[in-house]
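Here the structure is laid out as structure tokens; the discussion comes afterwards.
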Amino acid sequence: MLILGIETTCDETACAIVRDGHEILANVVSSQIDLHSEYGGVVPELACRRHVDILLPLINEALEVAKLTFKEIDLIAVAHGPGLIGALLVGLTGAKALSLALGIPYIGINHIEAHLYAAMMNTLNGQTSTQSLFPAIGAVLSGGHTSLVLIRDIGHYELIGQTIDDAVGEAFDKVAKILELPYPGGPEIEKLARLGDHKKYPFKPGVVKNSPFDFSFSGLKTAVLYTVKGQNAETEKEISRECIAASFQNAAFKDIISKTLKAAEAYGCQNIVFGGGVTNNRHLREMFLKTNSNFNYIWPDHALTMDNAAMIAGLGFHQFLANPKGDSLELEALTSIPF
Ligand code: KG4
Ligand code: ZN
């Protein structure tokens with residue numbers, strides 16, 4: 001089954017063609033970093049306009065890369081949330097129009113669920129039965145979400161913890177701004193942190209009372225702000241941006257690691273599946289490995305950590321097996337979708 005995936009939830013326009021849920025024939029991404037970097041964050045209206053301009057040329061590019069024509073596509077899978085409403089509408093409307101014009105079904109995909117599927121894509125390698133992987137703990141670490149999810153099977157999830165304020169990627173982006181690093185901040189912090197001592201600043205992430213699997217990163221971000229500019233500010237000579245980056249990164253990741261491992265233990269899961277842009281961070285992967293735990297870590301390929309449409313098309317295959325009619329034209333774009 002050949003599936004065209006479309007992703008326009010935020011600031012990347014992405015199209016992919018995936019066979020049977022795992023074989024990637026094309027995966028093209030048009031980043032909008034150039035458009036938003038001067039503002040230090042995503043400007044929704046600019047994002048929407050760029051999606052409108054780029055979506056159809058990008059679909060044609062994906063078909064060219066895969067050496068296919070529209071006639072050979074069996075299904076369209078599109079991210080219909082969560083994300084920026086205008087941005088979502090571009091992809092969803094495009095998918096509905098193509099579905100009507102080509103006379104093929106389309107299916108709406110949860111972007112967050114797709115981030116987790118990105119890691120499973122290789123591991124499943126074409127098997128439609130996924131029983132060997134589950135139950136698993138899913139850790140979604142992105143710019144918009146930080147969640148721990150019990151995965152019973154593809155399509156069957158239970159939210160067990162989430163951030164009560166900033167997402168971890170958002171905290172990276174905000175700390176990068178404080179340190180006057182370019183947008184997006186995550187990769188910049190990772191680079192800078194390599195040069196610093198993570199023990200220099202005793203930063204701590206928030207503890208959420210009576211919710212052992214919830215996260216809070218806004219206090220951590222504020223502690224960085226005070227260290228650089230505010231009430232705890234050291235003299236300019238004494239501040240080490242490298243050590244601040246390393247100490248912040250270490251505090252955030254230690255918290256994520258401890259809660260993820262505790263969740264895996266509490267729910268009796270052998271496998272931990274990771275998804276989202278922050279899992280691109282090599283130091284995070286090393287820190288998990290250094291815990292020497294017996295859990296099996298399932299990471300997405302680096303090329304599939306950031307927003308992409310291969311994960312959307314891949315998950316579309318499994319969702320279509322469960323819902324072979326596809327979605328109706330009534331399906332709405334959703335800025336948030338609860339697990
Ligand atoms: O999953 P994603 O592409 O978009 C969302 O769905 O949010 O994640 C983007 C987020 C941004 O906050 C970015 O700063 C962060 O992922 N990120 C990183 C790294 N690469 C991207 N954070 C830490 N280290 C990285 N290497
Ligand atoms: Zn994402």
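Ligands are counted one by one from 1 in listed order, and the atoms in each one are counted from 1 as well. The figures that follow rest on heavy atoms only: side chains count, while hydrogens, waters and symmetry mates do not.
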Note to self: I'd like to know if the side chain of His111 pairs up with that of Glu7 as donor and acceptor (distance under 3.5 Å, no hydrogens or angles considered).
What the structure shows: yes
| request: Taking the six-membered ring for Trp and the single ring otherwise, decide whether the centroids of His318 and Tyr117 are under 6.0 Å apart. | output: yes
Judged by heavy atoms only, the candidate from Ser31, Gly143, Cys10 nearest atom 9 (C) of ligand 1 is Gly143
inquiry  = Do Ile154 and Leu116 make a side-chain contact, defined as non-hydrogen atoms from C-beta onward lying under 4.5 Å apart?
reply    = no
Query - Transitive ILVMFWY side-chain link Met120 to Ile312, under 4.5 Å - result: yes
If we number the atoms of ligand 1 from 1 as shown, the ones under 4.0 Å from a heavy atom of Gly144 are 7 (O)
ask   = Would one find an N or O of Phe253, backbone or side chain, under 3.5 Å from an N or O of ligand 1?
value = no
From the list Thr146, Asp255, Asp165, side-chain hydrogen bond (donor to acceptor under 3.5 Å, both in side chains) partner of Ser216 resolves to Asp165
With heavy atoms and a 4.0 Å threshold, my read on which part of Glu190 contacts ligand 1 is side chain
- prompt: Any chain of hydrophobic side-chain contacts (each under 4.5 Å) joining Leu58 to Ile24?
  reply: no
So the atoms of ligand 1 within less than 4.0 Å of a heavy atom of Ser142 turn out to be 1 (O), 5 (C), 6 (O), 7 (O)
The answer for which part of Arg282 has a heavy atom under 4.0 Å from ligand 1 is neither
* Measure the acute angle between the ring planes of Tyr201 and Phe203, then classify it against the limits of 30° and 60° as parallel, tilted or perpendicular. => parallel
For the Zn ion (ligand 2), the nearest N/O/S atom on His111 is atom NE2
Original post:
Do any nitrogen or oxygen atoms of Pro184 lie less than 3.5 angstrom from nitrogen or oxygen atoms of ligand 1?
Top reply: no
Taking the Zn ion (ligand 2) as the apex, His115 NE2 and Asp307 OD1 span an angle, rounded to 10°, of 90°
Minimum side-chain heavy-atom gap Tyr106-Leu4 below 4.5 Å:
no
Closest to atom 18 (C) of ligand 1 among protein heavy atoms sits Gly186 CA, 3.5 Å
Among non-hydrogen protein atoms, atom 15 (C) of ligand 1 lies closest to Val278 CG2, 4.0 Å
Contact region, Asp173 to ligand 1, non-hydrogen atoms below 4.0 Å, reads side chain
_Can you confirm, on distance only, whether ligand 1 has an N/O atom lying under 3.5 Å from any N/O atom belonging to Met306?_
no
Numbered in order shown, the ligand 1 atoms found under 4.0 Å of a heavy atom of Phe172 are 23 (C)
shortest atom 20 (N) of ligand 1-to-protein heavy-atom contact is with Gly277 O, 3.4 Å
Q. Between Phe172 and Phe248, does the ring centroid distance fall short of 6.0 Å?
A. yes
- Backbone or side chain, does His145 get an N/O/S atom under 2.8 Å to the Zn ion (ligand 2)? no
Hey, is the main chain of Gly108 close enough, under 3.5 Å, to the side chain of Gln319 for a donor-acceptor pair? yes
Per-atom filter on ligand 1: closer than 4.0 angstrom to a heavy atom of Gly276 are 1 (O)
Going by the angle between their ring planes, with limits at 30° and 60°, are Tyr297 and Phe288 parallel, tilted or perpendicular?
perpendicular
Would Glu170 and Lys174 count as a salt bridge (Lys or Arg N to Asp or Glu O under 4.0 Å) here? Give the steps. CA-CA 6 Å; Glu170 189 182 356; Lys174 288 178 176 170; 3.2 Å; yes
Ligand 1 atoms nearer than 4.0 angstrom to some heavy atom of Gly169 are 12 (O)
*State, without any angle test, whether Asp166 and Ser218 hold a side-chain donor-acceptor pair at a distance under 3.5 Å.*
no
Atom 4 (O) of ligand 1 has as its nearest protein heavy atom Asp307 OD1, 3.2 Å
protein heavy-atom neighbour closest to atom 24 (N) of ligand 1 works out as Asn281 ND2, 3.0 Å
*Among the heavy atoms of His111, does any lie under 4.0 Å from an atom of ligand 1?*
yes
